[in-house]
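To keep things clear, I will list the structure first and then write my remarks on it.
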Amino acid sequence: MLTALIDYESGNLHSAQKAFERMAAELPNEEVIVTSDPEVLRHADRLVLPGDGAFPACKAALVEKTGLYEALLEAVEEDAKPFLGICVGMQMMARFGHEYQTTSGLGWIAGDIRPIEPTVSSLKVPHMGWNDLVITGAHPVLAGLKTGDHAYFVHSYQFVLEDMTQRFAHVDYDGEISAIVGSGTRIGMQFHPEKSQSTGLRLISNFLNWRP
Amino acid sequence: MLKTRIIPCLDVADGRVVKGVNFVDLVDAGDPVEAARAYDAAGADELCFLDIKATHENRGTLYDLARRTAEQCFMPLTVGGGVRSPDDVRNLLLAGADKVSFNSAAVANPDVIAQSANQFGSQCIVVAIDAKTVAPGKWEIFTHGGRRATGIDAIDFARTVVSKGAGEILLTSMDRDGTRAGFNLPLTRAISDATSVPVIASGGVGLLEHLVEGVTQGGASAVLAASIFHFGDFTIQEAKTHMAAAGIPMRMS
């Protein structure tokens, strides 16, 4: 089975690659590739969209790579290959992002990306650091996780969902911030599993074992 | 609830971990990659990796060292030292850094923060501010490892870089660094109150109670220390237990 990490020149691919390779090595016949080649996406069995940075810049970078955006849509929408979005990659699953300007997303989860605006002045933005997950829905990728497990977040914008049944976990930061969202063969994580030590590595392993 | 972070800082020069006493005398405290792996296992919340010679020897940051460190650690890594441009940021992010820290270059040209934040997002842009007390309640920015005065007010500068898009401030008190006398709490509080982004308190930790004060009195979102951890005075878990007992939310493992 081939897992493709999509390289669209947005941020920290090296860490994600190392974490996926570490967990893939513990499973039979699993391979991880970092790619921006549309053909590789067509042959991959599952896709991971990482992402650091501003929503409009990430979207533009994804579209500018010749054929990449189309291959992503084909693999996820037509072929229903399992998809994992991480951080801005998760936010890209929304209909719209409102960072700097309104930018359309992939439209896979009903909702918008909106700024985190705590009402308590001592709470800082970005929401940066370890927060404890509140797990509210069952999902194969969350197997073995429990409420209270910590994950590492770094973000200034949050996923505001229209359909709360598409949210599987949140954290508290002067209100609830969506941590894990999903629909069908697609799942997204606002935090960085590749930076969340044993909790994150378990999520990655579960994703590699997911057969939706 | 978001937890307060403990961040061991790996100051490196010539590929080795060092700890400057007031940035002058350097003591070898080991191999950075080994230290990073040990801190990962010990439950550190984040790692900071600063190439302290990069600016004044006018050489680029060692991407390879960042890469090897990131390969060992599935935890957040901030890398700084000699960072001058958005290209430097991209190269460090590709090497495995999660956040990149600007220092002298942000003082020389604050717009480099705006350029970098626009391209990569504020969440990965840290500005390291080295400040020294020049009068009671007044602090000035120093660059180049604390050797060059700038005449720039620390609070004004913090506000400027946040308005340009800095996502975090790594605040080091040059008066306290290496003294083990505790953080400069009035400085930490002033910068924390003046800005909307997380402030990491740095410089002067000698006791676990200093870590508590940085949060409760200084208003810091994270505390950074080197010597007390590098030389085994205290473990990360001892520090977390002490802070949790003082009522600070910590990630206990």
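Computed from a prediction, not measured in an experiment: that's the story for all the values here.
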message: I'd like to know which of G121(B), A222(B), P76(B) tops the heavy-atom pair count under 4.5 Å against chain A.
response: P76(B)

statement: Max heavy-atom pairs within cutoff under 4.5 Å with chain B, candidates D174(A), D172(A), V154(A), V134(A), goes to V154(A)

query: Heavy-atom distance under 4.5 Å to chain A: side chain of A166(B), backbone, both or neither?
result: neither

message: Suppose we screen for ring pair (Phe, Tyr, Trp, His ring centres under 6.0 Å). Which residues come up paired with Y39(B), at least two apart in sequence or across chains?
response: H230(B)

message: Less than 4.5 Å to any heavy atom of chain B: does that hold for the side chain of V171(A), its backbone, both, or neither?
response: neither

field: Aromatic ring pairing F153(A)/H127(A), orientation class (parallel under 30°, perpendicular over 60°, tilted between)
entry: tilted

task: Quick one: which of A117(B), S192(B), G43(B) has the most heavy-atom pairs under 4.5 Å with chain A, could you say?
output: S192(B)

message: Can you confirm whether the side chains of Q190(A) and Q91(A) place a donor and an acceptor under 3.5 Å from each other?
response: yes

statement: Ranking R22(A), E99(A), H192(A) by heavy-atom pairs under 4.5 Å to chain B gives rank one to R22(A)

message: Using only atom types and a distance under 3.5 Å, with no angle test, would you say the side chain of S221(B) pairs donor to acceptor with the backbone of P198(B)?
response: no

query: Can the ring centres of F191(A) and Y152(A) be said to be less than 6.0 Å apart?
result: no

- prompt: Hey, are the side chains of R251(B) and D45(B) touching, using non-hydrogen atoms and a 4.5 Å cut-off?
  reply: yes

statement: Honestly, the part of Y100(A) sitting under 4.5 Å from a heavy atom of chain B is side chain

query: Using non-hydrogen atoms only, which part of T4(B) is less than 4.5 Å away from chain A: side chain, backbone, both, or neither?
result: neither

